[in-house]
Amino acid sequence: MSGSIEPIVPGQVIFDIGQKIEKCFILQKGSVHFFNSKEEKISGIAPNTMFGFTELVKGKTTHSTKAVCITPGTVVSFSSEVIKTKLSAYGEDNKLLLESLADQLLNKI
């Protein structure tokens, strides 16, 4: 998986609700919070966490949350096609497990 290292700054919207999922991310440094359509914080992540792909697991093409940088840092961004390719190689049992986990995360929104 190859990606691009990108700096992120406080207040930067990494992706927004309804935006087409074109990239997925790994947070290298800093912190990112996620917000629902009511602008309520629903979660946050720390470094070494992958994000921006949960909806892809459910076959969706747009983000259902807004990701905002809270502290300065960097992300590795890569094409969402990488995730789609990996998902297509999973067996049916693994796909069901991932979909179940994605459902749990998305139902918190």
**Request:** Please name all residues satisfying ring-ring contact (aromatic ring centres under 6.0 Å, His included) with Phe51, sequence neighbours left out, ordered by chain then number.
**Result:**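 For Phe51 the ring-ring contact (aromatic ring centres under 6.0 Å, His included) partners, ignoring immediate neighbours, are Phe25, Phe34.
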For [X], enumerate each residue passing the side-chain hydrogen bond (donor to acceptor under 3.5 Å, both in side chains) test, keeping only those at least two apart in sequence or located in another chain.
| X | answer |
| --- | --- |
| Gln12 | none |
| Thr71 | Ser31 |
| Thr49 | none |

Distance-minimising heavy-atom pair for [X] and [Y]:
| X | Y | answer |
| --- | --- | --- |
| Val68 | Val13 | CG2-CG2, 4.3 Å |
| Phe53 | Cys24 | CB-SG, 3.7 Å |
| Pro10 | Ile70 | CB-O, 3.5 Å |
| His33 | Gly44 | CD2-CA, 3.8 Å |

Quick one: [atom1] on [X] to [atom2] on [Y], what's the gap to the nearest 0.5 Å?
| X | Y | atom1 | atom2 | result |
| --- | --- | --- | --- | --- |
| Ile21 | His63 | CD1 | NE2 | 4.5 Å |
| Ile5 | Ile26 | CD1 | CD1 | 10.5 Å |
| Ile45 | Met50 | CD1 | CE | 11.0 Å |

**Message:** Taking side chain to side chain contact (heavy atoms under 4.5 Å, CB included) as the criterion, tell me which of Ile8, Val76, Ile14 meets it with Leu27.
**Reply:**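 Result: among Ile8, Val76, Ile14, Ile8 is the only option passing the side chain to side chain contact (heavy atoms under 4.5 Å, CB included) with Leu27.
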**Message:** Any non-hydrogen side-chain atom of Ser43 less than 4.5 Å from a side-chain atom of Thr65?
**Reply:**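 They are not in side-chain contact.
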**Prompt:** Under the side-chain hydrogen bond (donor to acceptor under 3.5 Å, both in side chains) rule, what pairs show up with a residue in residues 18-27, not counting sequence neighbours?
**Reply:**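 Non-adjacent pairs meeting side-chain hydrogen bond (donor to acceptor under 3.5 Å, both in side chains): Glu6-Lys23.
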**Within residues 61-77 or reaching into it, pairs that qualify as salt bridge (Lys or Arg N to Asp or Glu O under 4.0 Å) - sequence neighbours excluded** =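 Those involving residues 61-77 are Glu39-Lys66.
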